[in-house]
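Below: the structure, in C-alpha cells.
Heavy atoms only: backbone and side chains are in, while hydrogens, waters and symmetry mates are out. For this chain, numbers begin at 1 and follow the sequence in order.
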Amino acid sequence: MIRNHLLSAASVEAAANIHCSSQPKMKISRLAGLIVILLSPFHGQAGSAPVVMQSSSLSATELGEVDGHLNDIHMYLVSEKLDGIRAHWDGKQLLTRRGNLIHAPKWFTQSFPPNIALEGELWLGRGQFQQASRIVLDDTPNHQQWRKVKFQVFDSPSIEGGFETRYQVLAKNIDMITSTNPAPHYLALIPHTKVASLDSLSKQLNQIESNGGEGVMLHHQDNRYQAGTSQRLFKLKSYQDSEATVVGYSEGQGKYQGKMGAVWVLTANNIKFKIGSGFSDEDRQSPPPLGSIIQYRYNGYTDSGIPRFARYMRMRETPES
C-alpha cells in the first residue's frame with residue numbers, strides 16, 4: 001500500500017518502508033536517501049562537459065507577451081524540436097551534455113567529420129524517447145538497436161558567423177559526406193525553414209504537435225554561437241514543461257485506493273508541490289522511485305510560484321536522458 005510520505009533528512013530511514021500494492025516493498029537505504037537529499041542530479045556536473053548553447057523556453061500562450069522579441073520573426077529559422085538525447089560530437093567521439101562518453105559503435109560515427117564539432121539529437125522518431133534513452137545510454141552498445149538511431153544535427157560551435165551561415169556550412173558538409181560515402185549514413189541535418197508571421201508559426205506548431213511532435217525551435221539567423229542560454233534561440237511548445245525530483249507519495253482514493261494517488265516533487269528552485277494527473281494505471285501501481293527525476297508539463301504559475309495544472313509526462317531514466 002502506498003502511504004502518504006515525504007522524504008526528508010530526518011525521515012530517510014522511514015522511506016525504506018514505502019509499499020506498493022503490487023510489490024513487496026519499495027526500499028531505499030539510508031545512504032541512498034542521503035544521496036537523494038544531498039547529491040541531487042540538479043547539483044554537480046561532469047567536469048569535462050562540453051560548453052553548449054541553451055535555448056530559452058516559450059509556450060504558445062506566451063507568444064503575445066514576448067512578440068517584442070519576435071517582431072522580426074521572418075529572420076528566424078524554424079525547425080521541429082526533436083525529442084531525443086542531446087549529444088556533442090567533438091571530432092572524435094560523442095558526448096552527452098554532461099560530458100560523459102556515449103558508447104556508440106565505431107561504424108555509427110565512421111562518416112562523421114573529424115574537423116567540425118557538431119550539436120544534435122540522437123533520435124529514433126516521434127514518441128520514442130524512452131527507447132532512444134535506453135539504447136544511447138547503455139555502456140555496452142547493442143549494434144542492432146543502434147542501427148535505428150540517427151544523429152540529427154542542428155548546429156556547430158566550431159563554425160564562425162551567425163546561425164544561418166553555420167547552417168549553410170553544415171548543409172554543404174553533411175551533403176558532401178552523404179553523397180560521396182557509400183556506407184549507410186547515421187548523420188542528418190534537421191531541416192530549417194523561415195516563416196512570415198506569428199500566425200504561420202502557430203499553424204506550423206499545431207501541425208507538428210498534431211502529428212506527435214514535441215514543438216518547434218526558433219533560431220535567429222544572425223545569432224552567433226555562445227555558451228549558456230541565448231535570448232535569440234527559443235524552444236516553443238503549446239505548453240510549458242520542466243523537471244523535478246520525486247520526494248514522496250500520497251495514497252490514492254476511490255479506484256486508486258492502495259495505489260499511488262500523487263507524487264510530491266521538488267524542483268531545482270526548491271519548490272515542493274504535488275502532481276496527481278497524467279499517470280497510467282501501471283504508473284500508479286509502480287510509481288517513479290524516490291529520488292528519480294520526472295518530466296511534467298504545466299500552464300503557468302500560481303501566485304505562490306507553484307506550476308499550474310501540472311501533469312506527469314515521463315520519468316528520466318538517467319540525468320543524461
Side-chain angles (χ1 to χ4, degrees), residues 2-8 11-12 15 18-23 26-28 32-45 54 57 59 81-86 96-98 121 126-137 212 214-215 235 237-252 256 259-302 305-321:
I2 293 288
R3 304 182 187 281
N4 294 346
H5 188 82
L6 291 178
L7 183 64
S8 66
S11 61
V12 169
I18 294 179
H19 291 62
C20 267
S21 60
S22 65
Q23 302 172 351
M26 288 176 53
K27 294 185 177 181
I28 182 168
L34 289 173
I35 290 173
V36 169
I37 296 296
L38 301 176
L39 297 179
S40 163
F42 288 116
H43 305 293
Q45 296 184 355
Q54 302 285 349
S57 295
S59 69
K81 183 191 182 303
L82 302 186
D83 190 17
I85 307 300
R86 182 161 181 176
T96 69
R97 58 183 177 180
R98 290 177 173 243
E121 298 277 342
R126 293 168 175 166
Q128 300 187 63
F129 172 83
Q130 296 290 7
Q131 185 181 359
S133 179
R134 287 190 291 270
I135 294 170
V136 169
L137 301 180
E214 187 176 275
K235 173 176 61 179
K237 303 178 182 181
S238 62
Y239 57 86
Q240 296 162 289
D241 65 355
S242 190
E243 295 166 352
T245 301
V246 176
V247 297
Y249 308 98
S250 288
E251 184 175 352
Y256 298 130
K259 300 180 181 180
M260 182 271 291
V263 296
W264 284 92
V265 298
L266 186 69
T267 71
N269 296 324
N270 206 34
I271 301 296
K272 185 165 60 181
F273 64 98
K274 187 164 60 174
I275 300 176
S277 63
F279 296 99
S280 66
D281 288 346
E282 183 180 354
D283 293 330
R284 294 184 186 279
Q285 190 82 1
S286 301
L290 292 172
S292 64
I293 298 177
I294 66 169
Q295 186 175 6
Y296 63 93
R297 61 173 63 182
Y298 64 101
N299 297 91
Y301 295 92
T302 66
I306 295 175
R308 298 175 66 245
F309 310 118
R311 289 92 73 198
Y312 173 78
M313 293 178 64
R314 66 188 179 209
M315 182 176 69
R316 273 178 46 185
E317 297 187 359
T318 75
E320 302 287 8
S321 61

Side chains of I85 and T96, heavy atoms from C-beta outward: is any pair under 4.5 Å?
no

Determine whether a donor-acceptor pair (N or O, by modelled atom type, separation under 3.5 Å) exists between the side chain of R297 and the backbone of D241.
no

Side chain to side chain donor-acceptor pair (under 3.5 Å) involving Q128 - partner list, sequence neighbours excluded:
none

Minimum heavy-atom separation for G276 to A262, with atom names?
CA-CB, 3.7 Å

Note: G212 and R126 closest approach over all heavy atoms is O-CB, 3.7 Å

Interatomic distance, Y312 atom OH to M260 atom CE [nearest 0.5 angstrom]:
8.0 Å

So, taking the atom named OG in S242 and the one named CD1 in I271, what distance separates them when rounded to the nearest 0.5 Å?
11.0 Å

What distance separates Y301 OH from Q240 CD, expressed to the nearest 0.5 Å?
6.0 Å

Taking all heavy atoms of R314 and all of D83, pick out the closest pair and write down the distance.
NH1-OD2, 2.6 Å

Closest non-hydrogen atom pair, V247 against K272:
CG2-CD, 4.3 Å

Tell me if a side-chain donor or acceptor on R308 pairs with a main-chain N or O of Y298 at a distance below 3.5 Å.
no

Distance in Å, I306 CD1 paired with K274 NZ, rounded so as to fall on 0.5 Å steps
11.0 Å

Work out which heavy atom in V265 is nearest to a heavy atom in A244; give both atom names and the distance.
CB-CB, 3.7 Å

Between E121 (side chain only) and K81 (backbone N and O only), is there a donor and an acceptor less than 3.5 Å apart?
no

At what distance, to the nearest 0.5 angstrom, does OH of Y296 lie from CE of M313?
11.5 Å

